[in-house]
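Notes follow the structure.
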2 protein chains.
Amino acid sequence: MNITRAPGQAPKYQRLAADLRRRIAVGEWQGAIALPVEAELEAQYGVARNTVRLAVDVLVNEGLLIRVQGKGTFLKDHHSVLDHHAYRSATVLRPTDSLAAPSEVYAEEAQAAGRKLTADFEMLIVRARTDIAERIGIRPGEAVVLRRMLRFMDSEPWSIEESHYPAGLAAGTPLMNPEPVRGGDEVVLAAIGRTEIGAVDQLAARMPGPEEAQWFQAGPGVPLMVQTRATYDGRGPVRAIETRYSGDRSRLLYGLGNLAARVPGAR
Amino acid sequence: MNITRAPGQAPKYQRLAADLRRRIAVGEWQGAIALPVEAELEAQYGVARNTVRLAVDVLVNEGLLIRVQGKGTFLKDHHSVLDHHAYRSATVLRPTDSLAAPSEVYAEEAQAAGRKLTADFEMLIVRARTDIAERIGIRPGEAVVLRRMLRFMDSEPWSIEESHYPAGLAAGTPLMNPEPVRGGDEVVLAAIGRTEIGAVDQLAARMPGPEEAQWFQAGPGVPLMVQTRATYDGRGPVRAIETRYSGDRSRLLYGLGNLAARVPGAR
DNA sequence: GGTGATTTGTGCGTATGTATT
DNA sequence: TAATACATACGCACAAATCAC
């Protein structure tokens, strides 16, 4: 197929990208087979290498292709997307129930999918970002205790979960220890009479910064999903939890309202 | 003549991108001021135009910059991000309450933000995608009624909301009419005794395809957020609603559990 | 309203580096 | 070691959009 130049038409590389997209859609290259090498695409379409690269760039940034130096250009596989319960409303509704989605639940979900979830832990004292400060009722720049969980699924990067506590709340509790709490931080909160019973989640999608892209091993065309949860007990805000996921590996689930009639597997 | 890259050093365009990122972070170019033109960056860094463009490409794909032909390169403004209530648990909890987040709520939220929400409507009969079929309890490829709402905020593209109904459910109801229902489709569902009382939402982030990017007027570096809701009444699944948002304009909010203590003025 | 200058977009060519096979 | 394939980097020319005059 020879693309001839015509005024008023879309640029060559865009038409080339569209044609490659079409050939992908009709299944010309299935599975993990490499696409034709750049030199062959130059010949097939009669364009310069630069133009081929511009076209492939488009599809790479759409998350459709990945390029591997020395090997070739491949279809991206979407097989390992895992759903993740971020919230599930209680079957029996009581206003004083804990929200708790303890970390153990995630590990169980992973195991049910035949995978293994592990984590690294860090504790830092930092100045509160503006959005975090608003959520936990302090002023921007005030000190907060940041407890960070770096999660791995089968030793692949999975999520970054950061709990922000007002310094006053964490002082004198095990939340100041630079190590995770068995059973989750919820155990500590319950012990000091601050069981979380409500939350507001904010969901956002954005591209990763360079450090995030490196940590998630996310190439171009892979956005992040960012969940920011503000939690409350009967008195007021307790903490803010920001969790970042790679968009090509995770999806979040929310079970809302009365789900008694949802009985595919009972569960 | 070409300067060979020192071992262990990153490529020129990546170091240039990192330096531009730093200069942006320290606030060298605030507001809507244009960055130095490509020719000046060539001079500042002593590299070819191609290298400058590669570096700027990196930041554009991170969603940090936008380029406008004939004008220049600018910081992207994040002013118009609007939060959007996707769900809010009832203060008084009753298992038979409707979930309903009628479209009117969205319009009210927009008005509260001093903006105006409008919509175009389409109705189509299509074959169910696999993921949709699973949610509404039919087989992939069976006919579904697709009711599509194209929403605009101040005449700018905002969201694409698609409700999928099993053909059997919609037959003989106003859901077959190619026009929106006053008060929302919920009115029709209530009239036929299928008030939705529960739902499962799935949240995902991905890059837009070409048609989506065009409709949302989304340049590179702007992902979509996709909300897919399966709703239930006391009998079983009712419909599947897929709503797509531009990640740089919308965020979704979920109010969970008991939010009585969440009083903006309290504290 | 038109003209030219400015600025990014498209397209070509060439050479060499680096990772994989 | 050699061949292959993508990555980086230089250079040039013209197109298209915008803006100042």
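It should be emphasised that the depicted structure is a prediction, and the values quoted were computed from it without experimental measurement. Proteins come first, then strands; the chains are lettered A, B, ... in the order of their sequence lines, and each starts at number 1.
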Side chain to side chain donor-acceptor pair (under 3.5 Å) partners of Asp248(B), counting only residues at least two apart: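 Side chain to side chain donor-acceptor pair (under 3.5 Å) list for Asp248(B), sorted by chain: Ser246(B).
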Residues in side chain to side chain donor-acceptor pair (under 3.5 Å) contact with Gln217(A), at least two apart in sequence or another chain: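 Gln217(A) satisfies side chain to side chain donor-acceptor pair (under 3.5 Å) with no other residue.
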Show me the donor-acceptor pairs, under 3.5 Å and distance only, between side chains in residues 115-122 of chain B and residues at least two apart or in other chains.
{"unit_1": "Arg115(B)", "atom_1": "NE", "unit_2": "Asp154(B)", "atom_2": "OD2", "d": "3.1"}
{"unit_1": "Glu122(B)", "atom_1": "OE1", "unit_2": "Arg148(B)", "atom_2": "NH1", "d": "2.7"}

Of all of residues 62-77 of chain A, which get a heavy atom below 4.0 angstrom from DNA chain C, listed by number?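 Gln69(A), Gly70(A), Lys71(A) - these, ordered by number, are the residues of the stretch whose heavy atoms sit under 4.0 Å from the strand.
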Which residues, if any, of residues 42-60 of chain B bring a heavy atom under 4.0 Å of DNA chain C?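 Per residue number, the list reads Arg49(B), Arg53(B).
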DNA chain D-proximal residues of residues 207-223 of chain B, any heavy atom under 4.0 Å: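 Output list: empty, so none.
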Please list, chain by chain and in numerical order, all residues satisfying ring-ring contact (aromatic ring centres under 6.0 Å, His included) with Phe152(A), sequence neighbours excluded.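 So Phe152(A) forms a ring-ring contact (aromatic ring centres under 6.0 Å, His included) with Trp215(A).
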State which residues pass ring-ring contact (aromatic ring centres under 6.0 Å, His included) with Tyr254(A); sequence neighbours excluded, sorted by chain then number.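 Scan of Tyr254(A) (ring-ring contact (aromatic ring centres under 6.0 Å, His included), adjacent residues dropped) gives Tyr254(B).
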Name all pairs fulfilling the side chain to side chain donor-acceptor pair (under 3.5 Å) condition that reach into residues 67-76 of chain B, sequence neighbours left out, sorted by first residue then second.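 Only Asp57(B)-Arg67(B) qualify under side chain to side chain donor-acceptor pair (under 3.5 Å).
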Measure the distance from [atom1] on [X] to [atom2] on [N] and round it to the nearest whole Å.
X	N	atom1	atom2	value
Leu16(B)	dA7(D)	CG	P	19 Å
Glu38(B)	dT7(C)	CD	P	10 Å
Gln9(B)	dT18(C)	CD	P	12 Å

Scan for salt bridge (charged side-chain N to carboxylate O under 4.0 Å, His left out) pairs involving residues 40-49 of chain B, sequence neighbours excluded, and state none if there are none.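 For residues 40-49 of chain B, and leaving out neighbouring residues, the salt bridge (charged side-chain N to carboxylate O under 4.0 Å, His left out) pairs sorted by first residue read Glu38(B)-Arg49(B).
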Given DNA chain C, 5'-ward residue of the pair Pro11(A) and Ala39(B), judged by closest heavy atom: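 The residue mapped nearer the 5' terminus is Ala39(B).
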A side-chain contact here means heavy atoms from C-beta on lying under 4.5 Å apart; do Glu212(B) and Arg206(B) qualify?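 They are in side-chain contact.
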Taking OP1 and OP2 of dA7(D), is either one under 4.0 Å from a side-chain nitrogen or oxygen of Gln14(B)?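 It does not, given that no N or O in the side chain of Gln14(B) lies less than 4.0 Å from OP1 or OP2 of dA7(D).
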For dA7(D), does OP1 or OP2 lie under 4.0 Å from any side-chain N or O of Lys12(B)?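 For dA7(D), OP1/OP2 do not have a side-chain N/O of Lys12(B) under 4.0 Å.
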Regarding Glu40(A), tell me which of base, sugar-phosphate or nothing describes its non-hydrogen contacts under 4.0 Å with the strands shown.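 Nothing, no heavy atom under 4.0 Å.
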Who pairs with Arg21(B) by salt bridge (Lys or Arg N to Asp or Glu O under 4.0 Å), at least two apart in sequence or on another chain?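 With sequence neighbours excluded, Arg21(B) shows a salt bridge (Lys or Arg N to Asp or Glu O under 4.0 Å) to Glu62(B), given in chain and number order.
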Test salt bridge (Lys or Arg N to Asp or Glu O under 4.0 Å) applied to Asp131(B) - qualifying residues, sequence neighbours left out: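 Checked Asp131(B) against salt bridge (Lys or Arg N to Asp or Glu O under 4.0 Å); matches are Arg129(B), Arg135(B).
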Within a reach of under 6.0 Å around CD of Gln44(B), are more than 12 heavy atoms found that belong to other residues, nucleotides or ligands?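 Atom CD in Gln44(B) is packed in, count exceeds 12.
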